[in-house]
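I am attaching a structure below and will ask some questions about it afterwards.
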Protein chains: 4
Amino acid sequence: MTSRKQEKFDLILEAALKVIAENGFHGSQISKIAKEAGIADGTVYLYFKNKEDILISLFQQRLGDLVSMFNNSVQEANSADEALRKICEIHFTELEQNVNLAYVTQIELRQSSLELRKAIGLSVKPYIQLIEKILIQGVQEGSFRPDLDIKLTRLLLFGGMDEVVNSWLISGRKYSLTAQIDKTVEFFLKGLK
Amino acid sequence: MTSRKQEKFDLILEAALKVIAENGFHGSQISKIAKEAGIADGTVYLYFKNKEDILISLFQQRLGDLVSMFNNSVQEANSADEALRKICEIHFTELEQNVNLAYVTQIELRQSSLELRKAIGLSVKPYIQLIEKILIQGVQEGSFRPDLDIKLTRLLLFGGMDEVVNSWLISGRKYSLTAQIDKTVEFFLKGLK
Amino acid sequence: MTSRKQEKFDLILEAALKVIAENGFHGSQISKIAKEAGIADGTVYLYFKNKEDILISLFQQRLGDLVSMFNNSVQEANSADEALRKICEIHFTELEQNVNLAYVTQIELRQSSLELRKAIGLSVKPYIQLIEKILIQGVQEGSFRPDLDIKLTRLLLFGGMDEVVNSWLISGRKYSLTAQIDKTVEFFLKGLK
Amino acid sequence: MTSRKQEKFDLILEAALKVIAENGFHGSQISKIAKEAGIADGTVYLYFKNKEDILISLFQQRLGDLVSMFNNSVQEANSADEALRKICEIHFTELEQNVNLAYVTQIELRQSSLELRKAIGLSVKPYIQLIEKILIQGVQEGSFRPDLDIKLTRLLLFGGMDEVVNSWLISGRKYSLTAQIDKTVEFFLKGLK
DNA sequence: GATGAATGAGGCTTCATTCAT
DNA sequence: AATGAATGAAGCCTCATTCAT
């Protein structure tokens, strides 16, 4: 993709994120997104196959960035404990700093069709796999219980963090999300040992 | 509500559950639900204000039944540990036995509008509060850590179980959900101590 | 179909015929047809699957009526010669008397999709087959040449009449179509003997 | 028109014929035609006023070539009978040898707007007039009936041949079109005498 | 109470055409 | 002369809800 094309591609995704955050999933017409991006409706279709394609791309791009960030941080970690703390730190910090992204991914995109959510699921997978890798590493290091059910535990970790973010959003962000990191990690680590 | 009214009220909710489980949220038109219930489209509106009202009522009724069941079981428990185990047991057992209910509440109803999901949230609240009560009890009993953040922990527990159910459904129920109870509770208890 | 349903079904087809005749195929939106019929747009879809279904039904109904008329008249004929004359008489007379129908079937519907025209072709088939039957009868009676290629000749007859009607319409109906019957039949009969 | 201009003009028409034959009238976007011609979309508009102009030009060019061919052959004919046979021969032979042209003119271009078809009608006119000339000649020669209605008969001849070609195309060209020449001419000549 | 025919708003997408480069 | 990115109008269809019977 040329830089010019990439530029407008990003412009539309950014507009989509803002419009969905402001109007909700069902209130986000293509015309609104185009207007926010300052282009004609038809132009959107030069960059995306259809509406669903915008949403999937949006999720892929943003989640891809997050996963890169996760990977980089985890590589710097000296132990599974530290890696897990990094995971939770980034998870909570990034979503607290990008409320629009948090709102769209946690609340709005979950009302989309099964089709779309399956595609989104694929974007989440690398993240789940990263958690899995950390768990395996922890068991090998001897810092996590050897009888840990990896497949089950990764769900308990992801589901726990996910629900904390959800609750924080639905509450109207009345408290700090990052302030929950220490206790969350503590709970996880105790459960893993 | 007269018994006659209650009867048809329940009939419609039952039809709705079946139709949504079979056709998905977006494929469940009022006409389909009415047909499944063996009544005319218009009759639905004699018992429910609108479509959203059906879904909220459905959730309230079924989740209300579950919460009663939770409450009864928990009262019989002799310790917080045992109560928590009961919670997880019922959560996984009931949803494994009522796949339609599981599918509709975990997958389909989450595609509904923010409005609807807020109402649904109210139905989930008593459950979350029950978990909270158990946590407080456990701290008082001395079996759970005294420094536990109750509000945060209840989310981690609920979110963890929720994600396990979700993953089980999305996987196509290829393994036993109840078989996850022991390890899930173990992880939770370790984290709580 | 109940009489009430049939009534509105016919009402919509009548409206469609008028609207297409007045606005052309591409200028005939569902909304225009509904307005002409005095009903809401959505009501159209209680009686027809989609726009194409209206057009096919229109053609089937009107051509079905014509074919019935052809069949009845032909049965009364004492010879193949007379039957052929009847065919041409009805063909030209009916279309001259129903200019809207003529215009729509000859001009407008021919700009439709291949799909639609295939369906329409099925409606025309019984007519072509009737001509074929007359030709066979004529050969058996000894009034037509025994070496006649039936499949080819039926096309020459149908195509000839079709083009005469076409030309009459495109000319703006500046002359009488029925006045062409005698000479047309004369040409055909000579060619057949 | 300079030779350079003429060259690209022809290139576009050739591309249009191929694209329409392969994709149907409704599947033939300007972008497809431009791509087939190896030029940019906008370049098309340096040579043609609009899309309709391409189609009209295509028809004019190809039908013009055919009419020239008709004229040349007819001039060599020694009698009206022979001329008529030549007409039918060329009509069937040329379309059998140029299936793309046959398909586009007989099937695809007929789905176009009334506007376009009127313009196309102008291109067909010289052909109809040629048939007319032959008929007049035949009457003068004494080989055709003196009471022949020239205007009507030319339609019967053209319409007959047109329908035979149509039917051959729709059938999927399962038989030889040129094999129909003899019997078609025989039918015509008998009808004319 | 029950019916079910009728309503009508609302949005995604295509593609011929333009025009700045 | 050539490009090709951008434009934006236009229409089919669905389905929650109503109301006359």
Verify the distance criterion only: is there a donor paired with an acceptor across the side chains of D:N100 and D:E22 at less than 3.5 Å?
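Looking only at side-chain atoms, D:E22 and D:N100 do not form any donor-acceptor pair under 3.5 Å.
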Neighbours of DNA chain F within residues 41-52 of chain B, by heavy-atom distance under 4.0 Å:
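Contacting residues: B:G42, B:Y45, B:N50, B:K51.
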Within 6.0 angstrom of A:Q61 CD, more than 12 heavy atoms from elsewhere
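It does: A:Q61 CD has more than 12 such atoms within range.
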When you measure from every atom of DNA chain E, which of residues 29-37 of chain C have a heavy atom less than 4.0 Å away?
none
Once the angle between the rings of B:H26 and A:H26 is folded into 0 to 90°, is it parallel (under 30°), tilted (30 to 60°) or perpendicular (over 60°)?
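Aromatic pair B:H26/A:H26 classed perpendicular.
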Which stems, defined as runs of 3 or more consecutive Watson-Crick or G-U wobble pairs with both pairing distances under 3.5 Å, involve DNA chain F?
E:2-21 with F:2-21
Please report, rounded to the nearest Å, how far the C1' atom of F:dC15 is from the NE2 atom of B:H26.
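One finds 13 Å between C1' of F:dC15 and NE2 of B:H26, rounded.
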Less than 3.5 Å apart, any donor N or O on the side chain of C:D10 or C:Q6 sitting next to an acceptor on the other?
yes
Give a yes or no on whether A:K32 atom NZ has more than 12 heavy-atom contacts from other residues, nucleotides or ligands under 6.0 Å away.
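Atom NZ in A:K32 is crowded, with more than 12 foreign heavy atoms closer than 6.0 Å.
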Mind listing the closest non-hydrogen atom pair of A:A21 and A:V104 along with its distance?
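Reported closest heavy-atom pair: N-CG2, 3.7 Å.
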For A:K8 and for D:A40, find the nucleotide of DNA chain F with the closest heavy atom, then tell me which residue's nucleotide is more 5'.
D:A40
Between CD1 of C:I54 and P of F:dC13 the distance, given in whole Å, is 8 Å
Starting at atom CD of A:E7, determine the distance to atom P of F:dA5, rounded to an integer number of angstrom.
14 Å
Just the rounded figure in Å: distance from P of F:dG8 to CD1 of A:I39.
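It is 11 Å, rounded to the nearest whole Å.
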